[in-house]
Amino acid sequence: MEENFELLVTRVLNSLDKSDLEQINSLLKSLKDPTICVGVGGSHVVSTFMSKVLNSKNGIITTNGTSRDMRYMNKTGYQNVVCCSYAGRNIGVDVAFSNDLNKYLFSSLMRDGVTNIIYDCDREHSFISLAATLVPMTILLNYYLDGKQDVIKDILNNGKGFVVEPNSVYEVMSGHESLTAATYLESTLAESGIAIPIVHNKYDFCHGRSTTGYRKNHSLIYFNGDTELDELLLSLLGEHYKKLYVLDYQYDDAIVNDYYLTYNSMLLSRDIARSVDKDLSKVDYSPVVKKLYKYRGEM
């Protein structure tokens with residue numbers, strides 16, 4: 001884990017140097033109709049961010065989901081599906097493409113029969129996707145920023161560390177503007193087993209969800225946009241939780257800010273893992289993982 005975090009920024013910047021950004025940007029720009037973005041695990045973090053980028057940059061209707069959702073959702077009105085997958089080889093990708101939509105794969109590897117949007121990513125040995133998540137997100141942010149990389153480099157070179165008191169439950173206070181970051185935390189804490197995540201929408205918290213942490217020993221991760229609601233919640237929740245970790249918004253641009261929050265959530269997850277002497281890259285996972293990961297049956 002320590003090695004993968006030490007190499008994370010280098011791997012991301014290498015991807016910007018090695019990837020064919022002009023071709024990637026051209027293909028992303030060609031998406032001009034309603035589009036479904038799909039991903040699972042770490043790639044669902046990427047698809048969440050992609051959905052927001054395409055909606056804002058291309059001005060199109062987008063929906064974010066998982067591979068299995070494609071089996072059950074009504075796809076009427078949509079023209080495209082973009083599947084985010086590091087390798088593009090699992091059954092989730094097959095299911096995502098089992099329809100009549102225009103098919104795009106956002107991946108590090110090519111696949112026959114679809115439009116490939118390929119980025120370069122240094123190989124990473126890790127149970128939890130770090131570079132495999134942040135690299136494609138960075139490629140998308142580069143597209144959103146029209147190739148202006150100063151902001152990206154500023155974010156990557158100014159990550160924050162956290163002093164963490166170990167806990168078994170972390171509640172996360174979020175919303176649409178921090179959805180990618182919250183998705184990363186939920187996925188990472190659950191997949192690694194280092195803690196139990198509970199994600200709240202900020203306004204939903206005003207309608208009874210405060211009961212979950214009441215008289216419990218939970219910790220809270222709060223994405224702070226400095227609104228009137230944020231000020232109220234933060235004024236009340238300091239004594240409600242064992243420990244409060246506040247990640248303040250730093251950018252007025254919502255897309256850039258969500259990227260910033262996601263990167264710093266990665267650093268927070270590292271420090272949570274350190275606090276319980278666990279390794280996000282070498283997880284003591286359940287024996288059912290190997291039986292389930294290669295599942296290729298009907299969904």
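M173 places none of its side-chain heavy atoms less than 4.5 Å from the side chain of R209. Side-chain contact between V40 and R68 is absent, with no heavy-atom pair separated by less than 4.5 Å. Counting heavy atoms from C-beta on, the side chains of H218 and I196 never come closer than 4.5 Å. Looking at heavy atoms from C-beta onward, L8 lies in side-chain contact with Y263 at the 4.5 angstrom threshold. A heavy-atom distance below 4.5 Å is not found between the side chains of L109 and Y86. In this structure, Q250 and D248 have side chains that are in contact, with non-hydrogen atoms separated by less than 4.5 Å. In this structure, the side chains of V38 and V95 stay at 4.5 Å or more apart for every pair of heavy atoms.
In summary, K153 and D150 do not engage in a salt bridge, as defined by a charged side-chain N under 4.0 Å from a carboxylate O. Classification of D69 and K75 as a salt-bridged pair fails, no side-chain N sitting under 4.0 Å from a carboxylate O.
Residue D252 qualifies as open at atom CG: its count of foreign heavy atoms under 6.0 Å is 12 or below. For E231, the CD atom counts as densely surrounded, since its 6.0 Å shell holds more than 12 non-hydrogen atoms of other residues, nucleotides or ligands. For D17, the CG atom sits in a packed shell: over 12 heavy atoms of surrounding residues, nucleotides or ligands are nearer than 6.0 Å. The environment of CD1 in I61 is sparse: at most 12 heavy-atom neighbours from other residues, nucleotides or ligands sit within 6.0 Å. Atom NZ of K278 has 12 or fewer heavy atoms from other residues, nucleotides or ligands within 6.0 Å. The environment of OH in Y72 is crowded: more than 12 heavy-atom neighbours from other residues, nucleotides or ligands sit within 6.0 Å. Enclosure of atom NZ in K32 is not indicated, since only 12 or fewer non-hydrogen atoms of other residues, nucleotides or ligands lie within 6.0 angstrom.
A donor-acceptor pair under 3.5 Å links the side-chain atoms of K242 to the main chain of P166, judged by distance alone. With hydrogens and angles ignored, the 3.5 Å screen pairs no side-chain donor or acceptor of S126 with any backbone N or O of S129. A donor-acceptor pair under 3.5 Å is absent between the side-chain atoms of S51 and the main chain of T48, judged by distance alone. With hydrogens and angles ignored, the 3.5 Å screen pairs no side-chain donor or acceptor of Y259 with any backbone N or O of T138. Listed for the N116 side chain is no donor-acceptor partner under 3.5 Å among the backbone atoms of M110. With Q79 contributing its side chain and D33 its backbone, the two residues share no donor-acceptor pair below 3.5 Å.
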field: Trace of the ring-ring contact (aromatic ring centres under 6.0 Å, His included) decision for Y119 with F106
entry: CA-CA 8 Å; Y119 52 84; F106 187 46; 5.1 Å; yes

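Rounded to the nearest 0.5 angstrom, I255 CD1 and L145 CG are separated by 9.5 Å. Residue N167 holds its CG atom at 8.5 Å from OG of S275, rounded to the nearest 0.5 Å. Taken from OG in S19 to CD1 in I139, the straight-line distance is 4.0 Å, to the nearest 0.5 Å. Annotation: the span from L247 atom CG to L261 atom CG amounts to 6.0 Å, rounded to 0.5 Å. With values rounded to the nearest 0.5 angstrom, S47 atom OG is found 11.5 Å from I36 atom CD1. Atom CZ in R11 sits 12.0 Å away from atom CG in L134 (nearest 0.5 Å).
Residue pairs meeting the salt bridge (charged side-chain N to carboxylate O under 4.0 Å, His left out) criterion with at least one partner in residues 90-107, sequence neighbours excluded, are D94-R111, D94-R296. Evaluation of the salt bridge (charged side-chain N to carboxylate O under 4.0 Å, His left out) test over residues 43-53, restricted to residues two or more places apart or in two chains, returns K52-D258.
Every residue two or more places apart in sequence or in another chain that forms a side-chain contact (heavy atoms from CB on, under 4.5 Å) with A182 is listed here: V172, S174, V199, F223.
Taking hydrophobic clusters as Ile, Leu, Val, Met, Phe, Trp and Tyr residues chained together by side-chain heavy-atom distances below 4.5 Å, V169 does not share a cluster with Y222. Following chains of ILVMFWY side-chain contacts shorter than 4.5 Å, one cannot reach L280 starting from L7, and the two form parts of different hydrophobic clusters. Criterion: ILVMFWY side-chain heavy atoms under 4.5 Å apart, direct or through other members. Under it, F205 and L236 are not part of a common hydrophobic cluster.
With hydrogens and angles left out, the side-chain atoms of Y249 and D230 include no donor and acceptor closer than 3.5 Å.
Relative ring orientation between Y245 and Y170 is described as tilted, the plane-to-plane angle lying within the 30° to 60° band.
Results of the side chain to side chain contact (heavy atoms under 4.5 Å, CB included) test with Y143 over I24, L27, V53 single out V53 as the only residue that passes. The only member of R71, M73, M70 that meets side chain to side chain contact (heavy atoms under 4.5 Å, CB included) when paired with N99 is M70. The residue from K282, R274, R270 that alone fulfils the salt bridge (Lys or Arg N to Asp or Glu O under 4.0 Å) condition with E2 is R274.
Minimum heavy-atom separation, D120 to S15: O-CB, 3.1 Å. The minimum heavy-atom distance linking V135 with C121 is given by the pair CG2-SG, 3.9 Å. Across Y184 and S265, no two heavy atoms sit closer than the pair CE2-O, 3.6 Å. The heavy-atom pair separating T35 from V82 by the smallest distance is CG2-CG2, 3.7 Å. Taking all atoms of both residues into account, the shortest heavy-atom contact from V46 to P136 is CG2-CG, 3.6 Å. Considering all non-hydrogen atoms of both residues, V283 and S192 come closest at CG1-O, 3.5 Å.
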